[in-house]
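Below is one structure, written out as structure tokens; comments come after it.
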Protein chains: 2
Amino acid sequence: MPASDKAGKAAGPSKRADAVRNQQKLLAAAAEVFVVSGVDAPIREIAAKAGVGMGTIYRHFPTRADLVVAVFRHQVEACAEAGPRLLAETDSPFEALWQWIDLFVDFLVTKHGLANAPQPDSSGFVALHTYFLDRLLPVAEQLLDAAIEAGEVRSGVQAYELMRGVGNLCIGSDGDPRYDPRRLVALLLRGLQELGAS
Amino acid sequence: MPASDKAGKAAGPSKRADAVRNQQKLLAAAAEVFVVSGVDAPIREIAAKAGVGMGTIYRHFPTRADLVVAVFRHQVEACAEAGPRLLAETDSPFEALWQWIDLFVDFLVTKHGLANAPQPDSSGFVALHTYFLDRLLPVAEQLLDAAIEAGEVRSGVQAYELMRGVGNLCIGSDGDPRYDPRRLVALLLRGLQELGAS
DNA sequence: TCGTAAGCGGAGCAACGTTCCGCTTGTTTT
DNA sequence: AAAACAAGCGGAACGTTGCTCCGCTTACGA
């Protein structure tokens, strides 16, 4: 292909076309495999599905978390952007916080659902959580602070703690009708709520 | 009587003395190794520490969970027995439930502390939780039902769900001063509490 | 067209879980 | 006491995994 038409690519040091292509293939294959085998699927399986060698996968995504993060980046971004919007649209900051956490739970449940196929396990999981937390933490802080300021929520709990708590509650959430993380998250939020007198 | 004079052992089909000895050595070694390397320590390491072969460890404890359960059985038992006692000693069933869950959290934090050394999480973990849950569930049900009956707790949450929730909240609880599972558990319980009017 | 190096593939290594079977060693029987 | 039995033992061996490493391929600028 005679090509120097870099098209819309960013002003990077011109990556090779096949490298970009492989990265795409990898992401697509990973997303597919994750659904079937969970995020702990063997690296080989993903590489095979993408039709590339194992060296390639490790070059593009040095750790498993890197790959998973890349696959889920869109959803995380959407959730992060929903925060300020909900705060603006809703009268009660606590209500906004509640709705936003619902979104967050939706995302977590989906993600965990993918991971829990065979074993409800979770090896590279927490590292993963940690990353998403870093991205979403500022949003959570904004919402929580607003709710505290409005006197709707008792202080004493940090946004970080709340996020990790919600994240943990969503672990192992599928395949067991007796365990509905949403109910527990609701309890948590109710406990967080400041009721009239202090 | 076929060797029933063997100490206080139950009426088993007379196990061989060396087998019993090995089981003890295994338990001791496992407890020791768990502290250093977490519950995911290589089987080989435990076998080596105990001075036995790998076949032995698999014969006594077919799955990793079996081994871990054996190691922690005492603590679980103590926790289970504390339930009815607290209920009898305390006036408010909700207060008894709260105290008992504190005990449960103590246990979980300890256990997780052992497991979180290298990777904050790991594989055979949930199965483990499940076992402990099975043992402690009846106790939790007793406490929760009493609290509901006394009108101190809103119904709608099952004991199973509560236990799993608390268990999940305790994951990854050490090494991070920003995350204190007790605070979140407190929130959860507050949310569970029925406040005056229904 | 041609040279260069970025990129690729997968063989190879180490570590792990798990199985299997011949030998050891308590225990029972005579 | 000695012999016979089988419960129990050890660890070699196998399959699977994560990860590295290096010779070959090929895209791309000149």
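So that the names make sense, note that chain A is the first sequence line, chain B the second, and so on, each numbered from 1. Atoms considered below: every heavy atom in the structure, side chains included; atoms not considered: hydrogens, waters and symmetry mates.
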Looking only at atom types and distance, does a side-chain atom of B:R183 sit under 3.5 Å from a main-chain N or O of A:L162, one as donor and one as acceptor? no
With no hydrogens and no angle check, is any side-chain donor or acceptor of A:R164 less than 3.5 Å from a backbone partner on B:P181? no
For B:A48, which residues count as a side chain to side chain contact (heavy atoms under 4.5 Å, CB included) partner, sequence neighbours excluded? none
Rounding to a whole Å, what distance do you find between B:D18:CG and D:dG8:C1'? 6 Å
In whole angstrom, give the distance that lies between atom CD1 of A:I57 and atom P of C:dG9. 11 Å
Length of the line joining B:K15:NZ and D:dG8:P, which is rounded to integer Å: 6 Å
Where the side chain of B:A17 is defined as all heavy atoms beyond and including C-beta, which of D:dG18, C:dT27, D:dG8 is the nearest nucleotide? C:dT27
What is the separation between atom OH on A:Y58 and atom C1' on C:dA11, rounded to the nearest whole Å? 15 Å
Set out, in order, the CA-CA distance, both residues' side-chain angles and the distance that settles side-chain contact (heavy atoms from CB on, under 4.5 Å) for B:E141 and B:L137, then state yes or no. CA-CA 6 Å; B:E141 266 167 351; B:L137 192 56; 4.3 Å; yes
For C:dG7, does OP1 or OP2 lie under 4.0 Å from any side-chain N or O of A:N22? no
When you check the gap from the basic side-chain N to the acidic O, do A:R182 and A:D106 get nearer than 4.0 Å? yes
Would you mind telling me which of C:dG9, D:dC9, D:dA27 lies closest to the side-chain atoms of B:H60? D:dC9
Apply side chain to side chain donor-acceptor pair (under 3.5 Å) to A:R44 and list each qualifying residue two or more places apart in sequence or on a separate chain. none
Please state how far atom CD in B:Q23 lies from atom P in D:dG8, giving the value in whole angstrom units. 10 Å
Run the side-chain donor-acceptor check on residues 72-87 of chain A: report pairs under 3.5 Å with partners two or more places apart or on a different chain.
residue : atom : partner : partner atom : Å
A:R73   : NH2  : A:Y131  : OH           : 2.6
A:E77   : OE2  : A:R135  : NE           : 3.2
A:E77   : OE2  : A:R135  : NH2          : 2.7

Any residue meeting salt bridge (Lys or Arg N to Asp or Glu O under 4.0 Å) with B:R16, in chain and number order, not counting sequence neighbours: B:D18
From CG of A:D66 across to C1' of D:dG18 the rounded distance in Å is 15 Å
Residues of residues 44-54 of chain B with a heavy atom under 4.0 Å from any atom of DNA chain C, listed by number, are B:R44, B:M54
Between B:R21 and B:A41, who's closer to the 5' end of DNA chain C by nearest nucleotide? B:A41
Protein-nucleotide distance (B:R59, atom CZ; C:dT18, atom P), rounded to Å: 15 Å
Taken to the nearest 0.5 Å, the spacing of A:Q193 CD from A:E152 CD works out to 7.5 Å
Mapping A:G55 and B:A19 to their closest nucleotides on DNA chain D, which lands nearer the 5' end? B:A19
Where the side chain of A:P42 is concerned, which of D:dC9, D:dT17, C:dG17 is the nearest nucleotide? D:dT17
Listed pairs, N/O of protein and of nucleotides 1-6 of chain D, under 3.5 Å:
none

